[in-house]
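Right, one structure below, let's go through it.
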Amino acid sequence: MSLRLAPWSYGFLVALVMWGATIAYSGVGSAIPTLSSALVFAAFSVVVGTGQMLVIASGPGNIDLSMPSVLTLAAYASMSVMAGSDAMVLPGLLLAVTVGAVAGMLNYLAITALHLPPIIATLAWSFVFQSFAFNLGGEATLKPPAALSDFTLWSIGGIRVLPMAVMGLTLLAVLVLKHGVGGRQLLAIGQSERAARLAGIPVGRVRLVAYTLCGISAGFAGFLLSGFSGGAALNMGDTYLLESIAVVVLGGTSVAGGRANAIGIWGAALFFNLMATMLNTFQMQAGIRFLLTGALIILIVAIVPRPKAG
Amino acid sequence: MHALFPAIGEPREGAASSVPLIATRAVAKQYGAVQALVGVDFALAPGEVVGLVGHNGAGKSTLMNVLAGTVQRSSGDFRYDGAEIGAWGAREAQAGGLRCIFQELSLCGNLTATENTRIIHANLRGFGWRRRARALISAALDNIFPGHGIDPDRKVAELAIGERQMVEIARAFTQTSIPVRGVILDEPTSALGHTPTEQLLVHIRKAVAGGIACILITHRLNEILAVSDRVTVMMDGAVVADRPAAGLTRSDLVTMMGSIEAHGGTGRASAPVANGATVIDHAGRDGADRAIRARRGEIIGFAGLDGHGQRERLRAIYAATSTVPVAYVAGDRGTEGVFPLWSIADNLTIRSLKALQRGGFVVPQAARALAEQWAARLKVKAPDVDTPILSLSGGNQQKVLFARALASDAQVVLLDDPMRGVDVGTKQEVYTLLRAEADKGRSFVWYTTEMDELANCDRLYVFREGRAVEEIPGAQIDHARILEASFGGAQTGASDG
């Protein structure tokens, strides 16, 4: 049937519907600003989601619950180093990425060396990271350098640069998963660890890279987000715990591993952010908003046709 | 092992009364296209011990499962205690007093021996059942295995494997309301030590004297000869010999198991490459375990009964080989071979990504060319290499796995019983291809459970109880020699009769 859509396209469709609903409610003039801001917010979800996707695709049970605290810790560390100075933006970025990479490696180390289930290992580390962040900054918000804030808000000819840059990242992820040696190996491990091992794939090394890249994406997101939202705050990562997982799964990546979809993450992230915008425009109470969010997620997961194994 | 059972040599006058406990006629069992049993006639009289022997896959366990009611026969007549039986399930077998000790232990690991005893005795109910069950199993253990030292209130999972086996055996001989009429013992001694084994054999003769019938399956032929009244030999799903045990020797048994089928193994046409470089030299774990050596261009076979350490050794060689590229062809396609979400091409090239990449990215044209070339060489039946692997038949999936190994740079290819469930035509194609690849200088180590395939090897190692116990050079590969080594007959065979 030619009308049958790929599972990952549903996120885009629903996002489109919500965009339409918002325009209908608040007028045609709101169309471009709504989309533009949704793209920017979605970009952060996509950065985090892409990292999470690599981990989830690496096999059943693999997940990184420490992303929010890694994001926060990286933001605090880089803000502290930069201390508001434009000259320090590059060292700040390097530090954020390094913090993320180390956190990712620690996660995987706990999983392999201590034989912990990923869900426990990453949750445990997330408490550690969170308390580091607290020690670094406490309750105070650390301000970003002006140059970083400017970058996150930068637009050329009315087009925001940040989402475009993140789209480039998505394309890279698509390419690596489809043709990269590492990408092929990751998806092979995700499908069958035993078969992968016997096909000569260094399973441990590939997973280590996946977790490390996931940590890096959290660190990178923390760096950008603190520039965008005016500084590092202790609760800045909170929304990304469930969102990072939800956008991956709604985007067409299989929780059972072995199937990843980087483009689908955009659809799901846009859906999440446009829905928030729409419900805000409708001026609904927080309780109702949460209720509708949950109901919509369930609805979409239910109507999306599941790809058969094979 | 030979002079073990002096007390139990004589009492062989078949206590057989008029009505056999079990009698089957032309019982057959099919699993899809596979004929596990092809018309078995089998009888067991009260007070009789029948020793059942045969190579792996001969159908022994299938027959026992049919008798025990855990597998339904496809056709044939079955009489129990003289009565014609239609549907026969585990419950009916239990009610008829037929007990089984299976190869895979049937105890619940999270329960104690006492509680496990309760499971098969429905009338141990009400207040104090635990005490009565404990008394029952303790008595049985003390009776069969004096000095066993097993605490009936420990969880079965915490017991050693031998102790678990003893509990399993003792439980089968416990009796409450239903008298025990017959006991099937499927490899009861493989996990038992020396003393418990002797105790069990003594107990079997004692139980039989009391009118219980027993079927004993074991690969240890001494035990068969020590307790059986009659020996039944199975091969390829049928009974091929049935003789009184008196006067039989171990070598008679080996001959009965092996000599019936005539084989025309293909053998190798050319002389073995005598002086190629050694590519594998894998030391054994102790003095009795031979080092596995393979030269360039050699096909080495791993023989012996299934599950005697061949696969473990293959894995150990895979893990230890680092000097030459090595590939592994798994026999368990589903869990160790295919990547189910992928196409033929993706599955075929995964082992060769390093050779196909430039700057970390796989060159699509190169990958496709390699996949098409090898899919064609192995005659994989599919419209094109983009076909999902799961849409292929089992044999064709296996061909893709062969192609994955052969298309790679591997100099050594390890084959883990890969021909299981593959049709004859495919097998012949693959044999030819293996020989051609070996002639080009590749080495193969081939574990197979199918006797006939061993004829394709240049040299064999025969495994027994986790060790490579014997090496058979190509010229001497024959069925009887392999069987003899598998059963440990070589050293003691003659002295037993």
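Every value quoted in this text rests on a predicted model; they were computed, and no experiment measured them.
Here the NZ-CD distance, from B:K354 to A:Q185, works out to 5.5 Å after rounding to the nearest 0.5 Å. Atom CZ of A:R184 is separated from atom CG of B:D346 by 4.0 Å, given to the nearest 0.5 angstrom. Note that CZ of B:F339 is 8.5 Å distant from CD1 of A:I189, once rounded to the nearest 0.5 Å.
Between the side chain of B:Y318 and the main chain of A:L198, a donor-acceptor pair closer than 3.5 Å is present. At least one donor-acceptor pair closer than 3.5 Å links the side chain of A:S192 to the backbone N or O of B:T335.
Nearest approach of B:V362 to A:V181, heavy atoms of both residues: CG2-CG2, 4.1 Å. Summarising the geometry of B:V338 relative to A:A195, their closest heavy-atom pair is O-CB, 4.2 Å, with the distance given to 0.1 Å.
For B:P325, no part sits under 4.5 Å from any heavy atom of chain A, backbone or side chain. For A:L187, the parts sitting under 4.5 Å from any heavy atom of chain B are the backbone and the side chain alike. Contact annotation for B:A327: neither backbone nor side-chain heavy atoms come within less than 4.5 Å of a heavy atom of chain A. In this structure, chain A has no heavy atom under 4.5 Å from any part of B:V363. Contact of B:R404 with chain A is made through the side chain alone, with heavy-atom distances under 4.5 Å.
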side-chain contact (heavy atoms from CB on, under 4.5 Å) evaluation trace for B:F361 with A:L175: CA-CA 9 Å; B:F361 286 89; A:L175 200 66; 3.9 Å; yes
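Applying the side chain to side chain donor-acceptor pair (under 3.5 Å) rule to B:R285 yields no partners; only residues at least two apart in sequence or on another chain are considered.
Chain A is approached within less than 4.5 Å, heavy atom to heavy atom, by no residue from residues 365-379 of chain B.
Within a 6.0 Å radius of OH in A:Y108, more than 12 heavy atoms belonging to other residues, nucleotides or ligands are found.
At least one test fails for A:R259 against the ring of B:W342: distance under 6.0 Å to the centre or angle within 45° of the axis.
Between A:Q191 and B:P340, the closest side-chain pair of non-hydrogen atoms falls below 4.5 Å.
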